[in-house]
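Below you'll find the structure, written out as structure tokens, and then a few comments.
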Amino acid sequence: MVAISIFIILVGLFFLLAGTIGLLRFPDFYTRMHAAGKCDTLGVLLCLIGMALYNGFSLISIKIMFIAVFIFLTSPTATHSIARAAMNCGITPWSKDEEGGRIEG
Amino acid sequence: MISRYESIIITTLCKLLIPVIQLYGLYVIMHGHSSPGGGFQGGVILGASFILLVISHGLDEVKKRMSEKLNTIFCSFGLLIYAGLGVLALIFGGNYLDYGHLPIPVTIAEARYLGILGIEIGVGITVMAVMISIFLDISSVGEQE
Amino acid sequence: MIEYIISKYNYWIYIVLMMIGFYAMISKRNLMKKLIGMTIFQTAIILFYISIGVKRDATIPIVPEHSHEAIKALEYVNPLPHVLMLTAIVVMVSTSGVALALLIMIYKRYKTIEEDEILKLRQEAGA
Amino acid sequence: MREFFLVASMIIGLLVLLTFYRAISGPGLLNRILGVNVIGTKTVIILLLMGFIYGRVDMFVDISMVYAMLNFIATLAAAKYLERKVSI
Amino acid sequence: MDIISIRPLLAVLMGMIGAFFILLAGERHKNIREFSTILASVAKFLLVFSMVPFVFEGKTLVYDLITLAPGLLLEFKVDTFGIFFGVLASFLWIITSIYSIGYMRGLQEHAQTRYFFCFAMALSATMGIAFAGNLLTLFIFYEILTITTYPLVVHKETAEAIKAGRKYLVYTLTGGVTILFSIAFTYHLTGSLDFVGGGFLQDHGSKNVLTLLFITFILGFGVKAAIMPLHEWLPTAMIAPIPVSALLHAVAVVKAGVFGCLRVILYVFGPALLHELDLWWMLAYFVSFTIVVSGIFALVQDNLKVRLAFSTINALSIIILGAALLSPSAVKGGILHIANHGFMKITLFFCAGAIYVKTHKEKVSELDGLARQMPFTMGSFAIGAMGLAGIPPICGFISKWYLCLGALEAHEITFLFVLLISAMLDAAYFFPIIYNSLFKRSQEINPTFNEAPWLILVPMLIAAIISIILGIAPDAFVHFFKMAALIGQNTLH
Amino acid sequence: MSFLITFIHLYVFWILLSGHFDIFHLSLGVICCALVAYGTHDLVLEGLPIDMHTEVIRFIKYLPWLVYQIILANIHVAYLALSPKMPIEPRIIKIKTKLKRDLALVTFANSITLTPGTITVDIKEGVYDVHALSEKVSEDLLSGEMENRVAHIFMED
Amino acid sequence: MRFLNFILVAIAGGILIYSTVDMPPWADPSSPASVHVSPRYIEKTLEETATPNVVTSVLADYRGYDTLGETTVIFTAGMCCILLLRRVSKR
Amino acid sequence: MSHSPILIIIIPLISSFFVPLIGWRKKNLCYPLVVLALFISSILSLYIMGSVITHGSIYYRLGGWEPPWGIEYRIDYLNGFMAVIVSFISFLVAIYSRRSGEQELPDRIVHFYCIFLLLVTGLLGMVVTGDMFNLYVFLEIASLAAYALIAIGEDGALMGSFNYLIMGTIGACFYLLGVGYLYIVTGSLNMNDLSQILPGLYHSRVVRTAFALFIVGLALKMGLFPLHTWLPDAYTHAPSAVSALLASVMSKVSVYIMIRIMFTVFNPYFSIELIPITTMLSWTAGIAILFGEIMAIVQPDLKRMLAYSSVAQIGYIVLGIGLANTMGLTGSLLHVLNHALTKGCLFLGAGAITYRRGTRDIRQLGYLHVEMPFTMAAFTIAALSMIGIPPTCGFFSKYYLILGAIDARQWIWVIILLLSSLLNAIFFFRVIENAYFKPLGVIHESSYDRGEQEEANEVPLGMLIPILALAAAIILTGIFSGKIISTIIQFAIPEGI
Amino acid sequence: MIWQLDLILLLFVVICGIAAISVKDLLSAVILLGLYSFLMCLLWTEMGAVDVAFTEASVGAGIGTVLYIAAVYKTTRRSKD
């Protein structure tokens, strides 16, 4: 059980790392948002599952899963709201063709 | 910041989250004895839930649930619970805030436990009401003249 | 020397933070910046207090409810600074609230929150 | 096992450091919000990991849950701000 | 031999009670207001007078009001010197009250309530100064006197008056502050402030410290006593209405300063200490300078009141000189001169007032031929002037005689000459006025008889007559002479 | 009715949260849940269906699929982020949807957002603006499978 | 002016750092703060207040009066905001 | 009645909770409630003072916990004295605040009263407590209330209040930090406990730094000279009742804390011998006196002048502390009382003048004595007290301060004290001169003409009574200052001085 | 107390504090302040002060930042320094 949970947490950490690197590397705000918000989601989920497994079946684990649920609910909402705000502010998404003309948020 | 959030995603989700957050706030108040938390934290969470409601549903929705008058009453009422418990202890022969002298048929330690619960509730109510009122005041200046 | 640094570094960081806040409070001309500095300043003090309470190899100050062993104080972090700091945080929030209210009033009145501009406006009004 | 959680939390700490670059240098407000949001999510995990390190995870879950619930309020508020005021 | 008696307190309070009723009556009930003024003054005089016998029996009336500070009481002690000053001031208040009523009504002045109120308060304070049992009590009433006379000085409310008021305040408050310092220092040295005949400062503090203390004391009280470099306020303050100048600047205020000086010389430091420190001749030379210079200044003044003011400065310094010589006769003469000068100077001021009320003239040069129009006034003026110059049988002669004797007793011929010169100067600046008013003619003045109203005339004549009586029988009425002798005895051991 | 539903759900949540199962804490829970439910039941159950039972079951069935999708897409995005050339082709695509109810719309939108590589930027009158990171994810989305599944949950197919 | 402020801040910081020399080492279990008053709270909390969370028991009972003050601070802040801002919204 | 120490705090506190509740329905009921609460509180404080005099110090354990663990109220002469001052002056100001409040802030009167009560609660709480941290909490209550109350004043009040907030927060934080520094080396927060532990640690740098932090923090709070910059703006533009309360009471409470910390928590040996703090304090105080008064002379605005005068008067009090001998401290404590009465009276008088005249320009106060005879009489008495004319109380404190300075053989302070008396005279007589002896300036814009002003146009009775009461108190305190010293102040002076 | 985390977090906090007061855009500064409060919360949890961390979490995430944002919303985002 412990080994499984360690493995899951490590995978989660890997996704978190990927997301962070994406956050740093991606060229514009929208793409970064993909990296940040989304890779994280899975990474966090995996970490939480790993910890819940490690903890065994108890109320604590249920609470940890609740945390996961809440993150699943709030994270896309937050992302959506920022994206919407960025769009409303008139930030055009970066695309490969017109690299120079982008406006940063 | 007072009007309803135009995005349906946000309003819907907040609608679902707010009761949960509120219940969580109450949980934090009630279980301050055995786990971290207490009146202030719970009160802030409750207040935050209302702030979330303001952000997502606009001011009117909040006014429906928590009118200015009710808010003021809560502000004072919470503190009255607190100070009143102290006075009650005073009346029943203890020093101020000495919950051991409260007229509850349990041991002194348990009486203190209940006293702590009582004041946590009072603190929670006040903090919630004040947080809402500060936020509403700050964010509604000049918008409803 | 090294040992000295290691044994005190927490206090030093708090001093650095506090000085950042302090500098912002007395030197920034923007009132909002002053408030931000104020928050940092207060938080630094809270950090200092919490640092007082720390004990090596101690756990959080919540004792097990149904344990039959005697509770040893050394095993738990000193709770008193935490209590004090809860109050301090509350004070911090309250002060921020009042300060922000004032800030908004100032903005409504002068249409700016830069201190020097406000002073100029007031001098013009006075002259 | 404590060591593992310690290492895990250190790794996440380093990730936070990386995210910090985004949060502080921006560019612009939105990227900062994004960075802060990401750090907020990571905070939840670090808190839980610390709970495991201390061996008292039952006490730390509550804090994490607060973050999980409330973390997006500030983001929403900022986003709502941006919806109104067009210039950045 | 101390008798605890409430009379001194009542005497002090009487003025305040009068002031209260004056305020109550206000502008609406003028008669009640003025009646209460007179009533209070008479009552006060009677009260003070009733204490005289005790003093002659060698007893002291004492009343401790409250503790101002641990070991420091607000106490009234009626000793010989106190009763001397008290009787003088309270008696002069009566005639001045009558006079001021006439004067104020005659000129239809504004803010009369304030005037009478402050007047009564000032007299109250004067009485407090007279009966003060220690330095702090004295100082308290001294400051009250300053404050209550300030409105009287600026009574006219013109720019000039306000300026004069400012000057008055600056000088007197500075003086007050200096006194405060000296008092605090004395307290620091001795732990006590009670007056003791012959002084209580011996064996406290080093020589230099005591010298400094003496200088600060004299500087402090010297402001009100208008010793020469500090006299500047007095001529300026003559802008005030005549009764004010008369009572306050000729009697109460400046005499309070002199009184303070004498208290310090005789009751705080004491002759022995002053001899030991060789301070007495310093003071004597200092005031001699004032005597001569003020006489010369007076000669060149054209404004009658200012000339009188300089004459006052002169006379005050003579008094202090008497005390400073520290010989029995000199002290006796000096103290007697307080009373004598009071009566004579008030006569002169009343005359000036009468002239002003009738003719609105203030300049010396305008008084030619006035004696025909106002014979009584100018007659009184002549009496006062002669008295000041030391011509018998007017009272000024007696005091000057003893002063001269004192100078001889002290083996200081210099001061004898100073006194003689001052007498000559007095004569020199007063006699031309009399001469001119008698023998010169002027177009402006109507030579028909046209005296001032009786309310003005009567007090003036009373004062003049008393001056003569005191000259003939110095011990008449309240035994001023005997008192002065007693004071000399008590202090000079 | 809506009060009762809210109350029951909240109470379950409360019991899971609270580790104490004595009478005192349970009754506290009743009071708290009643308070919250009283305050918010009209808010929560504004547009909820009558047949809640089925929907919840279907929703729970939907979750594993969603997680699976998330994992797949996540690997893809991780690859995008980590590959040195960074082969991304961001674009905005518009999806016209047949979904009607708010909850369905939101579920779909959040599913899109949760699935890495796509973000719902806006919903306007049944049209989703979705920002997609690469061609692959946009094609996945345009295939309509997710929409159908969501529609199935809320019985709108 | 900025520079002056900087100097001021530096001096203040210098004094504070100077004083850290005499502080007990960080996290020292035998520092005065850990041995004087607080042990009783930890050891007696269950016995005296039946509350396992020491912070809560100290906050609400041992030093309950502080908390009353703290809540009053919040109340004050709320009233202050109302006083400052609400007039505007009422008109 | 054994609970009276706590009752003086919680009666205003609980009333303040009721004020907004009642204010929602009936605005008129707030005022009686406030006055009643403060009245009871002040009577109780008198009672406490009485029992301190008869039975010695009072101890009250909050929550029934013994001192180092729980919070303790410890009321001795110094405390009781301060509590009486605070409660009585706030009671008088509360009476006054009705009419001025109606004019200055008509629509916010309910919350004004609420915060007013909270301010008083905070001040009282600071005074009676025996716990370092509890003091901080009440300090913050009082400060927050003060920020808001200042801010609702006229135009410039906002910036004044904001500056006060920033400076006050720095001050409070320094105080808090000082408490922390003491806590880290002693582990205790109780003042009495600290005073027993600390003597062994006097050579620790931490303790010394803590002391410096306390002094700086409190100096900020009270507006001592180099740190006074917030004070003039705040006092000038605040509503008159508020500036009266702040100037007369709030700064005094900070002074009280300073005395408490210097001489009770630390002992006099430390504060006087070990570190040069008294010298520094007296130098700053000396400069403060001169600076404040010179600044006051050039102010055309009445309240601003009074504010600068406050800076100077704080200097007096601190000078007394800096002299650190019996006489100096006696003068200092007496001046705490005297200045509280006097400045209260002056600010209330200035408020009354503003109430009728609508201007605070000193040059436009002509013929005020006809228009408002009683107010001006009281104002004059207070001004005389400021200058130090006997028998008003201001004289006596000045006298003791001079004695203290002489005792300490520090002639420069003697000179400064004497000089300051004259400087005070300059600016107060400027007011008196204008009010009594100058006709209404031509500059004055309102429609007064000479004929109209002859009518008395006194402020309402509710405003007049506190002013007159304070004026009477000034004289009575002056006359009975010996009594006050021998019954209270001489015991309030900490041992070992 | 976990000193490894402690060091990292202290470093973060200092950086974040400096960033918060040096950013010109006030909204960004406020957001960074929120980040600062997160980090502080972590720091305190790490030191064992769970209740304080809880408070800071709820305040920082729920109230503080939002209040600041509201205030910026009501005033201005521009700042000269």
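So you know, we letter chains A, B, ... as the sequences are listed, proteins then strands, and number each from 1. Bear in mind that the values here come from a model prediction, so they are computed numbers and not experimental data.
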Heavy-atom contact with chain B under 4.5 Å, split by part of F/L10: both
Within 6.0 angstrom of F/Y68 OH, more than 12 heavy atoms from elsewhere: no
Greater than 12 external heavy atoms within 6.0 Å of F/I23's CD1: no
Worked verdict on F/V106 versus B/L16 for side chain to side chain contact (heavy atoms under 4.5 Å, CB included): CA-CA 11 Å; F/V106 171; B/L16 291 174; over 6 Å; no
Winner by heavy-atom pair count (cut-off under 4.5 Å) against chain B, out of F/G39, F/A109, F/S18: F/S18
Between F/T107, F/V36, F/I123, the one whose heavy-atom pairs under 4.5 Å with chain B are most numerous: F/V36
Residue part contacting chain F, namely of B/L114, when any heavy atom lies under 4.5 Å: side chain
Interatomic spacing from CG in B/L23 to SG in F/C32 - rounded to 0.5 Å: 7.0 Å
Side chain, backbone, both or neither of B/L117 within contact of chain F (heavy atoms, under 4.5 Å): side chain
Validation row: B/L13, F/N110 side chains within 4.5 angstrom (heavy atoms): yes
F/T120 portion near chain B, given a 4.5 angstrom heavy-atom threshold: side chain
Spacing of B/I18 atom CD1 and F/T40 atom OG1 [to the nearest 0.5 Å]: 8.5 Å
Considering all heavy atoms, the nearest B/Y27-F/L17 contact: OH-O, 3.6 Å
OH/F/Y38: more than 12 non-hydrogen atoms of other groups inside 6.0 Å: no
Nearest-0.5 Å distance that lies between atom NE2 in F/H20 and atom NE2 in B/H33: 10.0 Å
F/H25, part contacting chain B, at a heavy-atom distance under 4.5 Å: side chain
Under 4.5 Å from any heavy atom of chain F - which part of B/L53: side chain
Rounded distance (nearest 0.5 Å) linking atom CG of F/L28 with atom NE2 of B/H31: 7.5 Å
Pairwise distance CG(F/D122) to CD1(B/I8) - rounded to 0.5 angstrom: 11.0 Å
Inter-residue atom distance F/L103.CG - B/K15.NZ, 0.5 Å rounding: 8.0 Å
Enclosure of B/I108 CD1 (heavy-atom neighbours >12, cutoff 6.0 Å): no
Other residues, nucleotides, ligands: >12 heavy atoms within 6.0 Å of B/F77 CZ: no
Residue B/S34 versus chain F: region with a heavy atom under 4.5 Å: side chain
